[in-house]
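The structure appears right after this line, and notes come after that.
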Amino acid sequence: MQGDCGIRVHVRDGVAVNIEGNPDSPTNQGRVCPKGISSLIGLYNPYRVKAPLKRTNPEKGPDIDPKWVEITWEEALETIATKLKKIRSEDPRKLVIWEGWGNVESLLMSVKEVETATNYTEPGVIFAMAFGTPNVIGSHGPLCSIHYASNLVHGQHPEYISDLQHCNYLIAPGRTVGLNVANPGSTRRLLDALDRGMKLIVIDPRCSVEASKAYRWVPIRPGTELAFALAMIHTMLYELKKYDDWFVKNRTNGPYLIGPDGYYARDKSTRKPIVWDKVEDHAKNFDDMSIRDYALEGTYTIDGVSAQPAFQLIKERMREYSPEWAEKITSIPAETIRVVTREFVEHAMIGSTIKIDGFDFPLRPAQFAGSGRGAVSHKGGMFFDLAGKIINMLVGAVEVPGGITGNRNPFPNPEILRPNEDGIVTPIMESIGVPFKFPPDHVDASEFYPNKHTGPHLTVKALLNPEQYHLPYQVEAFMICGANPFRSVCEKETFIEAFRKIPFIFTISPVFDETTMMSDVVLPEPFFLEREMARFYLVTHQTLADDARGLTLVLGRKPVKQLYNTRLCDDILIDLAERTGMLHGPRGINDIVNKTFGLKDKHQLDPDEKYSIREIMDKRIRVIFGDEYGFEYLLEHGEIHKYDTPGKRGYNYYYWPGNKTRHPIYFDHLKSTGDTLKKNLERNQIDIPAWKNSNEYFAYFQAIPYWIPNAEFETPPEYDLWAVNWKTRLMQFGTGDTQENAWLHELAVNDPYEMKIHINRETALKKGIKDEDLIWVESRYGKVNGRAKLTELIHPEVVGIPACYGSGTPLMNPVAKEGTHFNKLLTMKEDVALDPISGSIDVGPKVKVYKA
Amino acid sequence: MRTGLWLGIPLVIAGALFLIWDLGEPTRFTKALSRPRTSWISRGSWILILLLAVSVALFGLWIWPFTMLETLPNLIMALEGLIVIFAFGTMVYTGLLLGASKPIPFWSMPTLPILFTVSATAAGLKTSSLVLMVSSLMQGTPIPEILGILSRLVVVFIAIEIGVLVLHLWGTRQTETGEFSSNRLLSGELALQFWAGYVALGLAIPAIADVAVSSVPIGFEAMLVLIAATLGLIGGLLLRLIVVYAGAKAPVPAFGGLYIIPENM
Amino acid sequence: MVIDLKKCIGCDSCTVSCRAENFTPAGVFWNRVFKFEVGKYPHAKLVSLPLICMHCKNAPCVDACPTGATHKRDDGIVVVDYDKCMGCKYCIAVCPYGERYFNSQLGQYYPEKPLTAYEQFSKQLNGSKHHMIGVVEKCTFCADRVDKGQEPACVKSCVSNARTFGDLDDPNSQISQLIAMKHAVQLSPELGTDPSVYYIPP
């Protein structure tokens, strides 16, 4: 997904003949994963798009021959620019831009390159901002909406990052710490930590490679991780009676008094939240320097109104969630829950400190590494992530050495934990929420799911039922870049139908995937080895040790000569912007590029000039690393890096120590988002689209997470198993054209665990299923078939379908269609499968399994 | 002797051609002679070449102008002696060739060369009886006495063969991988070929037939000999195939699992 | 070479880096990763076992080769001279580790399309990278790289840094010390082949 690894491509007689890791790159340190090396043969994939094309067959479908005709770049760009100009002058919202991880290097398309942390009204994609459309749809995301809790609790995005340098006990539910997908940096750090003696506890229905190296593998029923987390909190509070009293009092809103309305009780004059000083026995403002000790429990009367510390409310809520209660739901023995919780608390070494560069940090070498896609991507899954944050806060393992720490770029950064007027860490991005507007601006129902991650699923639903979603305009064009929702979401037929409704679709793509097949005009992009691009590194989705802390890195290399008539995405976009009249002037591309990348003074782009992306990258490199560097230097050396914040400045705690900032352990912000939305709906006399019962929707906007079983718990008994999916080291997202790659395909075919349907040996034998039998897996929403792999490495109630195989088009390498496409088992029906907070689709359907 | 050579040499040549034809690079077959010090294929190649050379020499004696040399009995005796030695070598080396593959316990037993030699001798006897029977049938001459002796000899060799086989299987079952291999033919994927093909058709029926030869009415005799010899020969072929296939995939124990050697040939 | 199975994550980076380095045709793997399960649910785990030519000190393939095509270099690396190999496959039969491949044909990566430029390029190469039909081939420990003082490709690319390459004959080398310290073992030592590849148990 990220392209974090520095590689060297060896070229002989114009032919790329080998790929090696760049030993100077601090991320991969000369190592390369199988996807990276296999890109060598991906470059020579003969099924690629080789020239600009337009369709002559008006009938659209991923399997229907578009009857392509080659056209010139001039014709292609002019056709598109004419449409864009017209739309932009009428109503820019009528252009929907689909972005994805297919082209993360692009400066003008990539969301992550743009700092949208505190300004959530911008779509975050430079091209969209210049065009004026709010409609940027991440085609990734609805199966992996893991951001809200980290955005809210400690201002991190896309999630927190694990400090593996100090951690001694790491609980990983429904996720990989990087090893299962062979990320070189994370693999190295995890193995080093294990070598050092760190205990890894994997909570997962299947025993992955990572679980095989773990101290414990704790198999769990899919979608019940929340129950496990709640039981851990219960055990800490009611059985062990052990938690980080200091941290809860000084670094969370745990002592804040909560009134009967569920919000902070406030001081009448200052409007500041109040706490109870239990020594002096009266209420004080939270930031009162004279507080002797905070009350965490009890009920107090303020101005005749009774109020309780947030911690007290949380504790009460957790009373019912005993390990025995959780055992019934999760299938994890109560004793195991107790043991894991006890070990976790012991390893957290509550009260210990560590001196780094002479600065005293709390040391909390234990982490509950929530945010795992397998655990969060369920209806109710965001409650799991929030409960996980509570677990970490109860032992004080947030933003301190050994705990779950910072991730946001640039990182570390004194802005990250900056408190708001209530003394609480300022929420960022998805936790801020999209402001309500009626009729809505966004095509993806953002106004109805203000905290959601991306909304490709909601977009196609709104396009097919514009009235139900109150969409006030008709979408006229799709622009697609590095995105393929047909593969990354579910209900392919719904997507086909919606795409057919759009009068004009163009795509910038190197391959004939489903979105390309649905397009009217195709602009061919080079394969990434042919791209003359700089890749600006993000710490995201990584684990952390000194090799990554405070690292600023840009990767690049001399490109391989382009095999076909292709052009760089960003150069295409600059041309289109010029022809559409959105390159120059205020809010033109150049202007936004200047602001986004901090191009100032002599490096500033002249708003009225036209620059190639090469020139823009050169300026950006000079701004970051200094004038002695530049794009030419980068191509020559393969990487440039520096460490901005070593030592103590590598931890966000350093900037806001003691009680200078507080993490929300009581999520009043979530409650207020829901209450505000409810009011707005009432004011406009509307409901959440497609929810039969909006009370059920608002049940998720509560300040304390609690157990709500997802819809799969109501499935008829013949659906006796659960289905799960995971990413593998051969196929994570299908980016980089891994699905067509001959070498990766050969590895997958020869691997006993790839392209198979995993089923517990005993379960399979009971059903008369043998190894290699062709079996059907059927959920209430769809069915798929594949070869059975009988294994001891999976929960007896679970079938596993790895990676994202089995999706392709007739113009692609035929191997792309091989294997089983898990997503066909899913539904995006809102009130059945969506988490109202994150917008995530539930990825753990109940299924029945039978021989074909 | 002549009949034997007339029959045997073309068969040996045909066999050698099959071996060459089976090579990945048949044109390079002469290179096979270059490592007799260590390689059983090299040694086998030499044995075959020498066998053929001596046989050709002996043939030569029957062709003018060398026929006069026929009068030198010592020379002929010497050549015949060499033929016997190299023919014996041909029988033995296949077993030694497989037996030299130490990693495959099913092959690397001293019993294997014995088993192959016994089986090959039995096969030779069967071929002889087959040829005698066919020629006597074709020429309409009475069945020669010697066939009875041959039949009894075959029974003896089959008995020895069974004995060696049991010994071999018992021996191979002393190691885990050897047991894995022997299970493949006793109860695994080669069981049908082993029990029905080799044991029943290749050993039991020929033995019974050969025993019965002396006690059946004349006329059935010929049929029994034919059946016994033909099945016996097929059995001999099956034995080699079974042994090769059973041995080729012996797994390696590795860290609590069994690593199955893939078929790369 | 020492392969640390505690570290190996079975990712096959070695498998493809080997392919990229040696241009092995489709279907031929000089390096493979074998996977198996140990134990019963829920006390089961997955073990990944990378396999290459073991470059045995007492290599049965060297003895078995009738043409001298398979031979041992002075440094102990076992190599096949394709020009001498007659394809009798006896070496495959005697190799206990299944690490030899016979090319009955040359596989193509994209079989329905013409050869890629990468595959065409390998045809002009010499030595072990020039693949031929009818002969046996296998891992060379990247002899070309070793001659240049570099590590084999699989060692260099290994994501988990599980492989160490060095001189087994030198008791002071890093690799010899690693073997002693971590109790590394050979595969099937009872066969007496004395492999040059050691494994640190998982």
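In the text below, chain A, chain B and the rest are named by the order of the sequence lines, each starting its count at 1.
- Taking every heavy atom of both residues into account, T38(B) and V62(C) meet most closely at OG1-O, 4.4 Å.
- For F29(C), no part sits under 4.5 Å from any heavy atom of chain B, backbone or side chain.
- In this structure, the side chains of T67(C) and E25(B) stay at 4.5 Å or more apart for every pair of heavy atoms.
- Contact detail for F102(C) and G24(B): the closest heavy-atom pair is CZ-CA, 3.6 Å.
- Taken from CZ in R35(B) to OG1 in T70(C), the straight-line distance is 10.0 Å, to the nearest 0.5 Å.
- Counting heavy-atom pairs closer than 4.5 Å to chain B, the top residue among P66(C), G27(C), P60(C), P201(C) is P66(C).
- Only the backbone of C65(C) comes within less than 4.5 Å of a heavy atom of chain B; no side-chain atom from C-beta onward does.
- Note: F255(B) and Y199(C) have perpendicular aromatic rings, judged against thresholds of 30 and 60 degrees for the angle between ring planes.
- With chain B as partner, the option from L51(C), V47(C), V135(C), L5(C) having the largest number of non-hydrogen pairs under 4.5 angstrom is L51(C).
- With a 4.5 Å cut-off on non-hydrogen atoms, I133(C) touches chain B through its backbone but not through its side chain.
- For V28(C), no part lies near chain B; criterion is any non-hydrogen pair under 4.5 Å.
- For K7(C), the NZ atom is densely surrounded, since the number of other residues' heavy atoms within 6.0 Å is greater than 12.
- Interface remark: of the candidates G44(B), P36(B), S34(B), S34(B) forms the most heavy-atom pairs closer than 4.5 Å to chain C.
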